[in-house]
Amino acid sequence: MRIIVTGGAGFIGSHTAVELLDKGHEAIIIDNLSNSSEKAIDRIEKITGKKVRFYKEDLCNKDGLLSIFEREKADCVIHFAGLKAVGESVKLPYKYYYNNIVGTLNLIDVMNKCGVKNIIFSSSATVYGTPSVVPITEECPKGICTNPYGQTKSMIEQILTDVQKADRSFNVVLLRYFNPIGAHPSGLIGENPNGIPNNLMPFITQVAIGRLSELGVFGNDYDTPDGTGVRDYIHVMDLASAHVHALKKIADGSGISIYNLGTGKGYSVLEVIKSFEQATGIKIPYSFRPRREGDIATCYASAKKAKEELGWEAKYDIIDMCRDSWNFQRLNPNGYDD
Ligand code: NAD
Ligand code: UDP
C-alpha cells in the first residue's frame, strides 16, 4: 500500500515507517518537525536502504496538505502527528487543541477531497481515564481525561467515529497505546525528547548518560505491590509492527475497530529501574518524591483483542526495552543533535 505517515519523523512514526518499508509498503512522511529532526528521515533510509518521500508541512496548513495528497494518491493514512506533552498541554491548552484537532480536521477534509478513506489513528490508554478494572479491555468505557492532551485524543476518536458512521466507505482503526519505550535495535532511531523528559524511560537513560543526576520516583504510597505506579510498557518495535498488522482491517474494509496496544503486563517504577540496571549494568540513583498530579496507581492492557483479530502480540520483554532504550541514548548522547 501507499501510506501517508503524518508525524513520521517522530518517535513512533519513524519506527513504523521502517516497519512499513521493510514489509514492502511505500511510506510518504509529512511532518512539520516541531518535535523531531529531519535526521530521523536519513536514518530511516539508512536502516531500510529505501528512499522515503518527505514533506516538511504542518497539518494546520490545509492548502499545503491538499497539494501533497493530490500528488501522492495514497491508499491509507497513519496519523501520528500531534503534540503529546501532558504537562505543557495543561499550561497551553489552546496550542494543543488547535494543533491536534485542527490538524486532524484538515486531514479528514483533504482525505475526503482526494478519496482517501482509510485511516489508522494513534490514540492512547489515557482515554480510559482512571480505569475501574485492570487489565483494561476495549469494552471498558472511556473515562474523564484530566488534561487537554488526553482530551484531544478522546475527541479525535469521537470525530473519526462520527465521520465513519456518516460515510461507511471510511475505514478507521483506533490504536490505544499504553507506554511505548525502547528503540530500533540499530540505535539509529529512538526517542528524542526536547528539554527535561517527562516520561520515565527517557529520564532514566539521561540519568544513565550523566545528563541528569538522579531520578525522582513520583509516589511510593500507591496501592501497588511496592507502592510505586504500575504501567504497561511496550517496545516501540512491537508497536510499529502492530500498525502493519492493523492494515489488514483496512484491506478488509472493516469499518471501525479499536485495539489496545500493550503487552498485558504491568511493571512498577522500581521494577523498571531494576530491569534497566540488569540490562545495562548501570546503577540509577533515585529518591522518592510526592505523587505527580493526575497520575493513577495502575494501568495495564488486556492485549487479547489485538491478538485474536490482528494476529499481533508483543514479542519484546522489559529487558529488551531497557537495553534498546539505552543503546539509542548511548549512541546518541544528545539525541539527533550530535
Ligand atoms: P513525537 O512527538 O515523537 O511524534 C509526533 C510527530 O508529529 C513529531 O515529529 C512532530 O514534529 C509532528 N507534528 C506535531 N504536530 C504536527 C503538525 N501540526 N503537523 C505536522 N507534524 C506535526 O511523538 P510520538 O511519541 O512518536 O507519538 C506519536 C503519536 O502517538 C502522537 O499522536 C501521540 O500523541 C501518540 N501517543 C504517544 C504515546 C507516547 O508515550 N509516546 C502514547 C500514546 C499515544
Ligand atoms: N515516573 C516517575 N518519575 C519520572 C517520570 C515518571 O516516577 O520522572 C512514573 C510515573 O509516576 C508513572 C510511571 O513512571 O507511574 C510512568 O510515567 P510516564 O510519564 O512515563 O507515563 P504515563 O503512564 O504517566 O503516561
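For ligands, and for the atoms within them, numbers begin at 1 and follow the listed sequence. Small disclaimer: the values here were computed from a predicted structure and weren't measured. These values consider heavy atoms only, across backbone and side chains, with no hydrogens, waters or symmetry-generated copies.
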Nearest protein heavy atom to atom 40 (O) of ligand 1, by residue and atom, and its distance?
P180 CD, 3.3 Å
Using the ring of each side chain (for Trp, its six-membered ring), is H184 parallel, tilted or perpendicular to H15, with breaks at 30° and 60°?
tilted
Short list, please: which atoms of ligand 1 are under 4.0 Å from a heavy atom of Y149?
33 (C), 34 (O), 35 (C), 36 (N), 43 (C), 44 (C)
Does the distance from a Lys or Arg side-chain N to an Asp or Glu carboxylate O, for K249 and D252, drop under 4.0 Å?
no
Polar proximity ligand 1 side, D58 side, N/O cut 3.5 Å exclusive
yes
Are Y336 and F328 an aromatic pair by the rule of ring centers under 6.0 Å?
yes
Are N179 and D232 linked by a side-chain donor-acceptor pair shorter than 3.5 Å?
no
Residue and atom name of the nearest protein heavy atom (relative to atom 2 (O) of ligand 1), distance in Å to one decimal
N35 ND2, 2.7 Å
Heavy-atom nearest pair, R292 first then N198, reads NH1-O, 3.1 Å
Which residue and heavy atom of the protein sit nearest atom 37 (C) of ligand 1, plus the separation
I12 CD1, 3.8 Å
Is the closest heavy atom of Y233 to ligand 2 under 4.0 Å?
yes
Taking N or O atoms only and a 3.5 Å limit, does F218 qualify as a polar contact for ligand 2?
yes
State which residue, out of E271, M201, M321, fulfils the side chain to side chain contact (heavy atoms under 4.5 Å, CB included) condition with Y233.
M321
Numbered atoms and elements of ligand 1 in range of E57, under 4.0 angstrom, heavy atoms
19 (N), 20 (C)
Is E157 salt-bridged to K153, going by a charged N under 4.0 Å from an acidic O?
no
With a heavy-atom distance limit of 4.0 Å, tell me whether D295 approaches ligand 2 through its side chain, its backbone, both, or neither.
side chain
Between G216 and ligand 2, does any nitrogen or oxygen pair lie at a separation below 3.5 Å?
yes
Does a donor on one side chain and an acceptor on the other come within less than 3.5 Å for S287 and E214?
yes
Identity and distance of the protein heavy atom lying nearest atom 25 (O) of ligand 1:
K84 NZ, 2.7 Å
May I ask you to identify the nearest protein heavy atom to atom 23 (O) of ligand 2, giving residue, atom name and distance to one decimal place in Å?
R231 NE, 2.7 Å
Looking only at non-hydrogen atoms, which of G82, G13, G150, G103 approaches atom 5 (C) of ligand 1 most closely?
G82
Please list, in number order, the atoms of ligand 2 under 4.0 Å from a heavy atom of G229.
15 (O)
Taking the basic N atoms (NZ, or NE/NH1/NH2) and the acidic carboxylate oxygens, is any pair closer than 4.0 Å for E309 and K248?
no
What protein heavy atom is closest to atom 19 (N) of ligand 1, reported as residue, atom name and distance in Å?
L59 N, 3.0 Å
From the candidates R292, R291, Q206, M201, the one that places a heavy atom nearest atom 17 (O) of ligand 2:
R292
If we only count N/O pairs under 3.5 Å, is I30 in contact with ligand 1?
no
Can you tell me the protein heavy atom closest to atom 5 (C) of ligand 2 and the distance?
N198 O, 3.4 Å
S123: heavy atom below 4.0 Å from ligand 1, yes or no?
yes
To check your reading of the model: name the closest protein heavy atom to atom 18 (P) of ligand 2, its residue, and the distance in Å.
N199 ND2, 3.5 Å
Can you tell whether the side chains of K305 and E138 come within less than 4.0 Å, N to carboxylate O?
no
I'd like to know if K315 pairs up with D238 as an ion pair, taking the criterion as any Lys NZ or Arg NE/NH1/NH2 lying under 4.0 Å from an Asp or Glu carboxylate oxygen.
no
Could you tell me whether L215 approaches ligand 2 through its side chain, its backbone, both or neither, with non-hydrogen atoms closer than 4.0 Å?
side chain
Polar-atom distance check: L200 versus ligand 2, any N or O pair below 3.5 Å?
yes
Ring centres under 6.0 angstrom apart (Y259, H243):
no
I need the atoms of ligand 1 closer than 4.0 Å to a non-hydrogen atom of L33, numbered in the order shown.
11 (O)
Measure from NZ or CZ of R231 to the centre of the six-membered ring of F178 and say whether it is under 6.0 Å with the direction within 45° of the ring axis.
no
How far is atom 29 (C) of ligand 1 from its nearest protein heavy atom, and which residue and atom is that?
F80 O, 3.2 Å
For S34, atoms of ligand 1 separated by under 4.0 Å from a heavy atom:
10 (C), 11 (O), 13 (N), 14 (C), 15 (N)
State whether the shortest distance between N or O atoms of H79 and N or O atoms of ligand 1 falls below 3.5 angstrom.
no
Charged N-O contact under 4.0 Å between K117 and D167
yes
Note, L174 side chain near T161 side chain (heavy atom, < 4.5 Å):
yes
Lys NZ or Arg CZ of R291 over Y222 ring: under 6.0 Å, within 45°
yes
Would you call the rings of F276 and W326 parallel, tilted or perpendicular if under 30° counts as parallel and over 60° as perpendicular?
perpendicular
Looking only at protein heavy atoms, which one is nearest to atom 9 (C) of ligand 2, and how far off is it?
V269 CG2, 3.7 Å
Within 4.0 Å of some non-hydrogen atom of S122, the atoms of ligand 1 are 29 (C), 30 (O), 32 (O), 35 (C)
Out of N179, L212, V86, who gets a non-hydrogen atom closest to atom 22 (P) of ligand 2?
N179
With the threshold set at 4.0 Å, does a side-chain nitrogen-carboxylate oxygen contact exist between E72 and R53?
yes
Any R176 heavy atom less than 4.0 Å from ligand 1:
no
What residue and atom, counting heavy atoms only, is the protein's closest point to atom 3 (O) of ligand 1, and at what distance?
F11 N, 2.8 Å
Ligand 2 atoms in contact with V217 (distance to a heavy atom under 4.0 Å)
7 (O)
Report the relative orientation of the aromatic rings in F288 and Y286; use parallel for angles under 30°, tilted for 30 to 60°, perpendicular for over 60°.
perpendicular
Among non-hydrogen protein atoms, atom 22 (C) of ligand 1 lies closest to N32 OD1, 3.1 Å
